[in-house]
Amino acid sequence: MNVADTQVTRIERSTIDRARKWARANLVNGTANTVLTLVSVTLAAYLIYTLTRFVFVGADWEVVDVNRRLIFLGRYPKEEQWRIWPPMWMVMGLGGLSYGMLSRGSLRDLAWLGAAVVFILAFLATTTNGLLFGGGVLVSIAAYGLGRLSIGRPLLRSKLRLVTIVGWFLVIPFAIILITGFGGVKPALWGGLLLNVLLAAIGIGVGLPLGILLALSRASSLPLLKGFATSIIEITRGGPLIAWLFIARFVLPAFIPDAFETDPIVNSMIVVSLFTGAYVAEIVRGGLQAVDRGQVEAADALGLGTFNVTVFIVLPQAIRAVIPALVSQMIALWKDTTLFAFLGFTDALSGGQAAYNQAAFKGSQIEVLVFVALLFWAVAFGMSRLSQRFERVLGIGVR
Amino acid sequence: MVTIRWGKDLTDLGLLWRRRRTRRIIIQIAIAVGVGLFVFYMADKARDLDDLGFDFLSGSGDFPLSTQWLTNYESNDTLLGAYGAGIFNTVRLVVIGIVLATALGVFAGIARLSTNWLVSRLATLYVETIRNTPLLIQIVIWYVVVFLQLPRVEDAIEYSGLFYLSVKGLALPSLTIDGSFGIWVILLVLGAVAAYVLQRWLHRKEEQEGGSKHTVAWAFLLFTVVAVVTYLLTGTPLEPDTPQVVITGANIYSVSGGIQVEPEFAAVLLGLVIYTGAFIAEIVRGGIQALPKGQTEAAAALGLSGYQRLTLIILPQALRIIIPPLTNQFLNLTKNSSLAVVIGYPEIIFVGNTMINKIGHAAPVYLMIFGTYLLLSLAISVGMNAFNRSVQLAGR
């Protein structure tokens, strides 16, 4: 037996030893814990068995494969599909860049990134758009590399940060202009997951500034302004979103002047934006309360006016403090866009329901619903992870 | 000699605008005028609608509701009766949902902090999966994939004649009451009072003499004895009522007797409880983690067991941090109960929409719906605030 062999066995033995020690300390210390472990092992084994069996044996994924278009795009016209790609590449590039800049460069990060890329590529390899999507993935990887490169290079980093922030702010208007403008697609024809994405984007894009305005109004010393903002916020938050969406459908049309020609989906978008605005307002109000009074007094002493104090001193600090809550609100909004399925719009969920109601795919509800749920889960989970990373980089909650 | 100084006058006007008070007054007048115009416009439009007022509620909508349990609503009842049934269905969902979601959430929150690696991983998996998936899809999955796939009534899954699970829902055994039930309840209340008095008396003795007197155990024993003896004395006022599959027509089967849990109710309840439970788990975990580590260590140093540490030291303190966000989750659950409308469970929005489809009057119906949610939210807030005050540290 040579030296290398001995070393390998020693390492193996020590790994096994360590595993055994770890198991003894964490899994089977004491009777109660051993029982818990046994129960958990049974449960975990059952879950893994059921899931694996379902995914690879029980489920017939053909319904999803055939109806991919219905789930992702709904009734969106095929010949206008090119309009979606540029904003999509932009999102993928920005996503990669942000992740690269926030990443700690650990193996686990790379593993997650690799898994995501492989998953997406495997999923899209069979579609006609595989090439276009693959290009986006390449852009994303390149942007991630650029972001990683900026760590330890302050000059590059500050430039990239500017690009990222401006990019994220521009991507929503860019997407909407490119999709609707220049003889494009009317909102009534938006569909599938695209509709969910655009609804969430518009909801937060309009709701965030609106919410900030409402929060500032509520914090105002003018009694009328304060009362007005407070009543709007509280009335809006008083009922569930679905009730407001039904109001937009049943009650609102009677109150809109005939001069305006309104589209049901545009009405619903306005309602979603107002609803988000009210919740954002309450979050930002919490942030405003967290700003030290001394900040305002110091700015006053420097001779700044009300506007300057608010925009340059108070708001940046207030919003920074509530970024986690704002991301939670964005995730909630993203999940709430599924409500549109029950108002007669073809979003990802109702597209999926249309898919499993086809005669050829009777009884395939579970495959479709699990797939749609997975789509929503992936985006929401990704957002929450990015936000946690962002908090750590910004040092929120660390004193 | 008088000179006209235009400049100064203009400056004065500018100065006037620069003064805070003037600006405040002008802005407020603008708001008042704007809101006034808006309200005037809406009122004007509303008058054209000619469907305001709540008189229509005394008429009949002539539509059935799928859920009958304890509501006894019939198609030819008034719309007010239909809406009342809707309120009852919402409240039933919310109350049971809150109780179960809290239990699940506390359990999962503690499990996430377990020192047992496997347990905490499983709890994390639960929280991260459920929290990031839309509730609506979860409810649809429970309904379409689970409850609608159950066997027909005649092939119902049966458990020793007590439980029947079928596509018509879950049938549970229940108890029916007879005449002497009221007397028994009064005796029960008296028994509870006696048990309480006994517990206080033992507790005082305990404080005077020291040592454990098992106060709760004795009180519980007394109450049980009173309950059993009076139950037999009043002639067993409760009769068990087990569900049975009956044939109501040619090849038409149904379940009668016992309590029927409709599949719609079960699907929404499961969805709400599992979803809200994941959020409550995070709140409980945060509340426990916010406590100084020294609390656990001190309790361990005193020789308390793991269970005692949790129930006597950790949870009572964490409760103070947990209650405000927990109240928020209860309010969310209340509002989320409206998602039941998508699978046709007759809660208030479903009943309201049915009314609007039948006879119109959308504006007043939605006023009622918002009023109902407002009252429910107020009730939860008031109750939880009172509870919150009772657990806060005194003298702060």
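Treat the numbers as computed from the prediction; the structure is a model and nothing was measured. Throughout, a chain's letter reflects where its sequence line sits, starting with A, and its residues are numbered from 1.
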With a 4.5 angstrom heavy-atom cut-off, which part of [X] approaches chain A: side chain, backbone, both or neither?
X: I31(B); value: side chain
X: V35(B); value: side chain
X: V341(B); value: side chain
X: R121(B); value: neither
X: Q138(B); value: neither

Please identify, among W334(A), Y356(A), F246(A), the residue contributing the most non-hydrogen atom pairs under 4.5 Å to chain B. F246(A)
Identify which of F250(A), F228(A), F342(A), F376(A) forms the greatest number of heavy-atom pairs closer than 4.5 Å to chain B. F342(A)
Residues of residues 233-241 of chain A within contact distance of chain B, non-hydrogen under 4.5 Å: I235(A), R237(A), G238(A), G239(A), P240(A)
Between [X] and [Y], which heavy-atom pair has the shortest distance, and what is it?
X: Y366(B); Y: A243(A); result: CE2-O, 3.7 Å
X: Q28(B); Y: L225(A); result: OE1-N, 4.1 Å
X: L136(B); Y: T338(A); result: CD2-O, 3.2 Å
X: W377(A); Y: T133(B); result: CD1-OG1, 3.7 Å
X: K335(A); Y: N132(B); result: CD-C, 4.0 Å

Can you check whether V365(B) reaches V251(A) side chain to side chain, under 4.5 Å on heavy atoms? no
Heavy atoms, side chains only, cut-off 4.5 Å: are Q149(B) and I366(A) in contact? no
Does K335(B) use its side chain to pair, donor to acceptor, with the backbone of I242(A) at less than 3.5 Å? no
Whether the side chain of R24(B) engages the backbone of S221(A) through a donor-acceptor N/O pair (distance < 3.5 Å, no angle test) should be reported. yes
Side chain from CB out, backbone as N, CA, C, O: work out which of these in V39(A) comes under 4.5 Å of a heavy atom of chain B, or both, or neither. neither
Could you tell me which portion of L369(A) (side chain, backbone, both or neither) has an atom closer than 4.5 angstrom to a non-hydrogen atom of chain B? both
Can a side-chain donor-acceptor contact be found between N116(B) and T37(A) if the only test is distance below 3.5 angstrom? yes
Passing candidate, side-chain contact (heavy atoms from CB on, under 4.5 Å) with I137(B), options L349(A), V370(A), L374(A), L375(A): L349(A)
Can you confirm if the aromatic rings of F370(B) and W244(A) lie within a centre distance of less than 6.0 Å? yes
